[in-house]
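Since the structure comes first, as structure tokens, the remarks are kept for the end.
Atoms within a ligand are numbered from 1 in the order they appear, just like the ligands themselves. Since the structure is predicted, the reported quantities are computational estimates derived from the model, not experimental observations. Quick note: numbers below take in every heavy atom, side chains included, and nothing from hydrogens, waters or symmetry partners.
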Amino acid sequence: MKFFARNAFLAAAIMAPGLAMAQAWDMPTPYSDKVFHTINIMEFADEVNKATDGAMTITVHSAGSLFKHSEIKNAVRSQQVPIGEFFLSRLSNEDAAYGIDSQPFVATSYEEAEALWKAQRPVITELLARQGLMPLFAVPWPPQGLYTKGEINSVADLAGLKFRAYNAALEQFATLAGASPTQVESPDIPQAFATGQVEAMITSPSTGVSSQAWDFVSTYTPINAWVPKNIVVVNKAAFDALDASVQQAILTAAANAETRGWAMSRAETEEKTAIMAENGINVVEPSPELMEGLRAIGAKMQEQWNATASQEAKSIIEKFNM
Ligand code: PCA
């Protein structure tokens, strides 16, 4: 599969010395077709295809079907594919600047998430440029909430739970809460619960619905702890090789996708929480005691973050707090 993708990409490049030759781009994404991020990206691809009148065709390969989530960023970097989507904070091991949107209780509303992205964007644009990558657009998931098999009244109730995690920050959060985290990709969530590998998780109402959380948990507590983003990046060399009109079509479609994606995300929060309730999930407002305990964990994480984060990463927080 990988071999095929790379050759298709090279063939498209070699065959396009003139201006009007058609380009075909394969675009790997990690999430399934019914997830709003994927729907938004399908629309982005459609818009590019139409605006360029067939000069550029972007084909979306969803749910990790072309590259696994963990491979997508490096696949774009090494030009195995020219474009791809991934969960931005997964890159926090490269630089804390990438992970700031997944730090608990730094930005918990869409307004704050927007301000954070505004501060983060120029910084990560520069970091990605060092790897020959260019961000096109980023879209947040709805605020992250807690899924459990019973009501959780305080952090003590999380002790010992086998906890599903999707990045390093969530792993740290779960560990500090006394739980035992395991990394599980979102398409594998139902299986992980069914086999007892995990018994609780923190994620959005979107992922709660796409994984049919009512099949394996009883309670959703909207702790709204952070608003993490997916990002779409393009290989800069591949982009630079395009006709100016095609480049412009991509940039326009990307700007539209960012605006549309944020609106979709806002609408999802209520819609998907309602679907969970309809399917029998108990939606419980968090107790003050639980929130206090979770905020204390967040504060501890932020302290550690401050002690190790790069200057670039810290400049994001400084700008965000201005
Ligand atoms: N869904 C993705 C990432 C954050 C979210 O809301 C997941 O659970 O993997």
Side-chain angles (χ1 to χ4, degrees), residues 28-41 62-65 67-73 84-92 98-110 112-113 116-117 138-148 161-174 179 181-193 197-217 220-232 261-262 264-273 275-276 281 283:
T29 71
Y31 301 99
S32 65
D33 284 350
K34 19 181 229 290
V35 171
F36 78 96
H37 285 284
T38 312
I39 295 170
N40 188 38
I41 284 175
S62 60
S65 57
F67 285 96
K68 287 195 293 188
H69 193 178
S70 56
E71 297 173 340
I72 292 178
K73 183 228 148 195
E85 179 203 32
F86 53 87
F87 192 61
L88 177 60
S89 56
R90 290 180 73 115
L91 304 190
S92 66
Y98 295 114
I100 187 63
D101 67 12
S102 294
Q103 285 292 108
F105 305 110
V106 170
T108 59
S109 66
Y110 281 99
E112 287 171 348
L116 187 64
W117 176 224
V139 172
W141 292 88
Q144 306 288 293
L146 178 62
Y147 296 74
T148 50
L161 291 183
K162 289 183 273 177
F163 217 91
R164 182 254 169 174
Y166 53 58
N167 68 5
L170 181 45
E171 207 170 305
Q172 191 186 4
F173 193 70
T182 307
Q183 295 287 336
V184 177
E185 282 298 326
S186 65
D188 304 329
I189 290 173
Q191 168 87 354
F193 275 92
Q197 192 194 358
V198 296
E199 52 194 340
M201 64 179 174
I202 288 177
T203 187
S204 60
S206 309
T207 301
V209 169
S210 68
S211 62
Q212 307 207 342
W214 46 86
D215 289 341
F216 46 81
V217 296
Y220 177 63
T221 313
I223 56 172
N224 300 340
W226 57 92
V227 183
K229 295 182 295 292
N230 286 359
I231 191 163
V232 169
W262 282 73
M264 287 170 99
S265 183
R266 282 173 188 263
E268 282 266 313
T269 309
E270 223 173 284
E271 252 170 49
K272 295 288 152 91
T273 305
I275 292 176
M276 289 201 285
I281 288 205
V283 180

Return the residue, atom name and 0.1 Å-rounded distance of the protein heavy atom closest to [atom].
atom	result
atom 9 (O) of ligand 1	R164 NH2, 2.8 Å
atom 1 (N) of ligand 1	T207 OG1, 2.7 Å
atom 3 (C) of ligand 1	F87 CE1, 3.6 Å
atom 5 (C) of ligand 1	T203 OG1, 3.1 Å

Distance filter under 4.0 Å to Q144 heavy atoms, resulting ligand 1 atoms: 4 (C), 5 (C), 6 (O)
Element-labelled atoms of ligand 1 that are located less than 4.0 Å from some non-hydrogen atom of S186: 7 (C), 9 (O)
Any side-chain donor near an acceptor of the partner, S186 and Y31, under 3.5 Å: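 Note: S186 and Y31 side chains miss the donor-acceptor criterion.
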Parallel, tilted or perpendicular, as decided by the 30° and 60° cut-offs, for the rings of Y147 and Y220: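 Correct class here is tilted.
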Q144 side chain vs A225 backbone, donor-acceptor pair below 3.5 Å: no
Donor-acceptor pair, side chain of T273 and main chain of T269, under 3.5 angstrom: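 Between the backbone of T269 and the side chain of T273 there is a qualifying donor-acceptor contact (under 3.5 Å).
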Any N or O of S204 closer than 3.5 Å to N or O of ligand 1: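 Between S204 and ligand 1, an N or O pair is found under 3.5 Å apart.
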Under 3.5 Å: N/O of Y166 near N/O of ligand 1: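 Among all N and O atoms of Y166, none is under 3.5 Å from an N or O of ligand 1.
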Side chain to side chain, P222 and V283, heavy atoms closer than 4.5 Å: yes
Centroid-centroid under 6.0 Å between Y166 and W141 rings: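 No: the rings miss the under 6.0 Å criterion.
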